[in-house]
Amino acid sequence: MSREGQKLDSAAGAGGVGIGVLSLDLLGQVLDRLREPRDRKACRLVSRAFERAEAAHRRALRVLRREPLPRLLRSFPALERLDLSACASLDDASLAAAVAGAGGGLAGLRRVCLARASGVGWRGLEALVAACPRLEAVDLSHCVGAGDREAAAVAAAAGLRELRLDKCLAVTDMGLAKVAVGCPRLEKLSVKWCREISDIGIDLLAKKCPELRSLNISYLKVGNESLRSISTLEKLEDLAMVGCSCIDDEGLELLSKGSDSLQSVDVSRCDHVTYQGLASLIDGRKFLQKLHAADCLHEIGQRFLSKLATLKETLTVLKLDGLGVSDSLLQAIGEGCNNLVEIGLSKCSGVTDEGISSLVARCSDLRTINLTCCNLITNNALHSIADNCKMLECLRLESCSLINEKGIKQIATCCPNLKEIDLTDCGVNDAALEYLAKCSELRILKLGLCSSISDKGIAFISSNCGKLVELDLYRCNSITDDGLAALANGCKKIKLLNLCYCNKITDSGLGHLGSLEELTNLELRCLVRITCIGISSIAIGCKSLIELDLKRCYSVDDAGLGALARNAFNLRQLTISYCQVTGLGLCHLLSSLRCLQDIKMVHLSWVSIEGFEMALRAACGRLKKLKILTGLKTVLSPELLQMLQACGCRIRWVNKPLVYKDC
């Protein structure tokens with residue numbers, strides 16, 4: 001618990017006399033200042049005054065299980081934001097019942113997230129929309145079964161301003177038409193991967209929703225006619241069309257004839273777009289701030305560079321990943337776009353020290369630089385970046401194998417605001433981490449495949465990087481339990497940790513990790529020395545754990561799964577492929593974890609057909625993703641498979657030979 005939480009807990013615990021005389025509004029403001037959810041919970045549990053204040057003041061709610069949903073909606077009548085994306089087993093009946101039970105308590109609700117809530121259909125959405133007259137934003141992304149009827153249900157929210165339908169694969173032009181007609185004030189819409197939508201749907205959308213400011217049509221099979229329609233949207237600021245293979249330079253020219261309101265354009269992976277089309281698009285654009293053209297351009301001509309120079313005052317983000325570049329090109333970009341704060345050159349061939357030096361010499365405001373797989377750069381490039389980009393916050397250097405601790409030293413010394421650095425496969429050593437430890441603002445550190453790193457380097461980081469939230473140590477084979485002890489002692493805020501193939505780690509190391517209360521994602525693939533003892537430490541101590549990977553942890557058995565079943569109540573994604581578990585352990589696990597939605601269980605050799613059958617029946621209605629051997633497809637009951645699919649579970653059948661790897 002934080003110091004603020006301890007003080008309030010102490011005051012409330014002393015009879016709550018001082019707390020009780022304060023107004024609900026003032027107590028609500030106090031709760032708003034508590035950053036940690038556990039602090040809010042502690043105050044709520046020991047003081048009824050705080051409990052009443054939160055009930056009256058709480059604006060946002062995230063629900064993990066459907067059973068308490070009706071009670072929670074009744075308890076917090078002032079809600080404005082409701083997140084049901086992780087609410088296991090949520091379906092039409094339970095959503096409609098919860099909404100009805102709330103009475104008029106949802107009148108102020110403005111935003112609802114139902115991403116991946118595949119059990120919710122049009123009936124549940126109709127009930128929700130009817131109960132929320134002020135609804136402004138709905139997220140249905142990755143509800144793969146959602147179609148036109150669901151879109152029509154949402155379209156009844158006439159005041160809707162934001163809608164996400166990403167990967168709602170059954171939505172067609174008809175569903176989009178319902179939305180366009182029913183929600184004329186729509187400002188933000190994403191229909192990414194809705195591949196049944198055509199130019200006809202986009203044309204009607206443009207005609208009926210003139211207030212659109214942000215539109216994502218990525219991976220749609222639309223063509224240039226859609227861009228002609230989109231060009232009529234006078235307020236459009238953000239347009240993403242990633243992977244639209246039917247769009248070419250002619251379409252970009254049609255788009256260029258529209259309003260000058262565009263501030264961000266993303267044409268990444270548009271195979272038929274060239275620099276000439278981009279030149280026509282940005283010609284005369286006075287407000288364009290972000291241009292994403294990753295993995296689509298093969299060359300850049302002088303016309304494009306000259307047009308790019310006209311954006312000198314406004315352009316802040318430029319992504320050219322995958323492009324073949326030269327020193328002169330990077331110099332021209334630096335001269336023409338010296339207000340850049342982010343540059344993306346990932347996998348660009350031809351990036352050299354000289355090119356980077358000429359770029360950063362003119363772009364001193366850069367905060368994010370992506371040089372992933374630019375394997376020609378050396379420490380000289382890092383020296384130039386450090387000398388010129390003092391405000392640097394993010395540096396990605398994956399597979400830049402010619403850099404070493406000398407270059408890292410310069411970055412760490414000159415860039416005190418560094419928050420993220422990716423050194424995957426760079427071969428850096430403990431000395432580099434000693435220099436990086438100076439960066440006390442560091443949040444994300446990726447060191448995968450850096451086999452020279454040892455416990456000593458982790459101790460350096462742990463000594464001064466207390467704000468670290470993500471650490472990747474994939475295949476850092478020299479890390480032992482001592483390194484994890486230092487990490488757990490100094491980096492209490494770690495949320496994501498990758499220890500795959502760090503095969504010297506034992507149960508003792510996991511015991512240290514059990515103190516990381518904020519840990520949400522943990523990858524332990526191929527840690528052959530860990531057993532149920534280590535898993536128990538994680539399950540008991542890491543109450544926030546959401547994702548856990550135990551693939552090829554050969555010594556993990558039913559006892560380990562039992563510990564998870566008894567303690568890891570928030571676990572939503574689990575991989576146990578190749579673990580030595582039985583049908584009884586699997587059944588206990590799947591029947592106990594009410595939030596579990598995604599499980600990978602390939603080659604569970606000790607589990608019988610009956611074991612799989614009982615376990616999957618126990619989880620039916622909650623699972624959204626299942627990875628399992630193809631051989632089971634013919635032996636599991638058709639009734640079970642139909643039940644799983646009817647509840648929105650996507651089954652990935654894999655045909656892999658049983659091979660026990662030496663990790």
Side-chain angles (χ1 to χ4, degrees), residues 165-169 171-173 176 189-203 205-206 214-231 233 236 238-258 262 264-283 285 288 290-308 311 315 317-326 329-330 333 342-351 370-374 396:
L165 296 172
D166 299 352
K167 233 170 189 181
C168 293
L169 303 180
V171 172
T172 70
D173 289 335
L176 186 59
L189 175 65
S190 180
V191 289
K192 182 179 178 180
W193 282 110
C194 297
R195 293 177 65 82
E196 297 302 316
I197 292 176
S198 70
D199 292 334
I200 297 173
I202 299 298
D203 182 56
L205 176 72
S214 175
L215 178 61
N216 190 336
I217 59 171
S218 297
Y219 300 102
L220 267 61
K221 294 183 288 187
V222 296
N224 295 336
E225 284 304 311
S226 285
L227 296 192
R228 186 196 301 274
S229 303
I230 291 171
S231 69
L233 294 170
L236 191 66
D238 182 3
L239 176 61
M241 40 187 166
V242 179
C244 290
S245 56
C246 297
I247 288 174
D248 57 24
D249 291 349
E250 181 182 348
L252 296 188
E253 188 170 352
L254 291 171
L255 184 61
S256 69
K257 296 176 181 178
L262 273 178
S264 175
V265 177
D266 192 343
V267 294
S268 301
R269 300 189 182 91
C270 291
D271 298 334
H272 297 102
V273 167
T274 73
Y275 74 86
Q276 296 179 351
L278 278 179
S280 64
L281 175 62
I282 64 179
D283 188 15
R285 297 282 167 186
L288 195 64
K290 301 177 182 180
L291 180 59
H292 300 240
D295 302 310
C296 69
L297 301 179
H298 302 290
E299 60 177 342
I300 286 184
Q302 187 57 44
R303 179 169 177 253
F304 173 76
L305 290 176
S306 62
K307 298 300 181 184
L308 200 62
L311 303 175
L315 195 67
V317 177
L318 179 62
K319 294 188 178 181
L320 300 172
D321 306 322
L323 175 69
V325 302
S326 63
L329 173 60
L330 293 178
I333 291 174
E342 180 176 354
I343 182 76
L345 298 171
S346 171
K347 300 179 182 179
C348 287
S349 60
V351 177
N370 189 347
L371 298 175
T372 298
C373 295
C374 295
R396 299 190 178 106

Requested in this report: Give the C-alpha distance, both sets of side-chain angles, the deciding distance and a yes or no for side-chain contact (heavy atoms from CB on, under 4.5 Å) between Lys319 and Ser346.
Outcome: CA-CA 9 Å; Lys319 294 188 178 181; Ser346 171; over 6 Å; no

Query raised in the report: Taking side chain as C-beta onward, heavy atoms only, is Arg303 less than 4.5 Å from Ser280?
Result: yes

Query raised in the report: Considering all heavy atoms of both residues, which atom of Cys348 and which atom of Val351 are nearest to each other, and what is their separation?
Result: O-CG2, 3.4 Å

Query - Spacing of Leu189 atom CG and Ile202 atom CD1 [to the nearest 0.5 Å] - result: 7.5 Å

Query - Test side-chain contact (heavy atoms from CB on, under 4.5 Å) applied to Met241 and Leu227, step by step - result: CA-CA 10 Å; Met241 40 187 166; Leu227 296 192; 3.7 Å; yes

Query - Pairwise side-chain contact, Leu315 with Ile282, heavy-atom cut-off 4.5 Å (strictly under) - result: no

Query raised in the report: When you look at CZ of Arg269, are more than 12 heavy atoms from neighbouring residues, nucleotides or ligands closer to it than 6.0 Å?
Result: no

Report task. Please identify each residue that fulfils side chain to side chain contact (heavy atoms under 4.5 Å, CB included) with Leu305, with sequence neighbours left out. Result -> Ile300, Gln302, Leu329, Ala332, Ile333

Requested in this report: Using the side-chain contact (heavy atoms from CB on, under 4.5 Å) rule, pick out the option among Val267, Asp266, Leu255 that qualifies with Leu239.
Outcome: Leu255

Query raised in the report: So Asp203 and Ser229, side chain to side chain donor-acceptor pair (under 3.5 Å) or not? Walk me through it.
Result: CA-CA 5 Å; Asp203 182 56; Ser229 303; 2.9 Å; yes

Requested in this report: Scan for salt bridge (charged side-chain N to carboxylate O under 4.0 Å, His left out) pairs involving residues 217-231, sequence neighbours excluded, and state none if there are none.
Outcome: Glu225-Arg228

Report task. Identify the heavy atoms of Arg285 and Leu288 that sit nearest to each other, and give their distance. Result -> CB-CB, 4.1 Å

Query - Results of side chain to side chain donor-acceptor pair (under 3.5 Å) for Lys307 - residues two or more places apart only - result: Asp283

Report task. Quick one: closest heavy-atom pair of Leu345 and Cys374, and the distance? Result -> O-SG, 3.2 Å

Requested in this report: Output all residues satisfying side chain to side chain contact (heavy atoms under 4.5 Å, CB included) with Lys167, sequence neighbours left out; order by chain, then residue number.
Outcome: His142, Leu169, Trp193

Report summary line: Separation between CG (Leu262) and OG (Ser231), nearest 0.5 Å, reads 10.0 Å

Requested in this report: List the atom of Cys244, the atom of Tyr219, and the distance in Å for their closest heavy-atom pair.
Outcome: SG-N, 3.9 Å

Query raised in the report: Would you say Asp249's side chain and Thr274's backbone share a donor-acceptor pair under 3.5 angstrom?
Result: yes

**Report entry** Validation row: Leu318, Leu308 side chains within 4.5 angstrom (heavy atoms)
**Finding:** yes

Query raised in the report: Quick one: does Asn370's side chain have a donor or acceptor within less than 3.5 Å of a partner on Gly344's backbone?
Result: no

Query raised in the report: Looking at CD1 of Ile197 and CG of Leu176, how far apart are the two atoms once the value is rounded to the nearest 0.5 Å?
Result: 4.5 Å

Query raised in the report: Of all heavy-atom pairs between Cys246 and Val222, which one has the smallest distance, and what is that distance?
Result: CB-O, 3.3 Å

Query raised in the report: So, Asn216 side chain and Lys192 main chain: donor-acceptor pair closer than 3.5 Å or not?
Result: no

Report task. Please list, chain by chain and in numerical order, all residues satisfying side chain to side chain contact (heavy atoms under 4.5 Å, CB included) with Asn224, sequence neighbours excluded. Result -> Ile247, Asp248, Glu250, Leu254

Requested in this report: Please name all residues satisfying side chain to side chain contact (heavy atoms under 4.5 Å, CB included) with Thr172, sequence neighbours left out, ordered by chain then number.
Outcome: Asp148, Met174, Glu196

Report task. Give, for atom CD1 of Ile230 and atom CG of Leu205, the distance between the pair rounded to the nearest 0.5 Å. Result -> 8.0 Å

**Report entry** Closest contact, heavy atoms only, Cys270 versus Cys296
**Finding:** O-CB, 3.4 Å

Query - Pairwise distance CD1(Ile217) to SG(Cys194) - rounded to 0.5 angstrom - result: 11.5 Å

Query raised in the report: Is there a donor-acceptor contact under 3.5 Å from the side chain of Ser218 to the main chain of Val242?
Result: yes

**Report entry** Gap separating the CZ atom of Arg396 from the SG atom of Cys373, nearest 0.5 angstrom
**Finding:** 13.0 Å

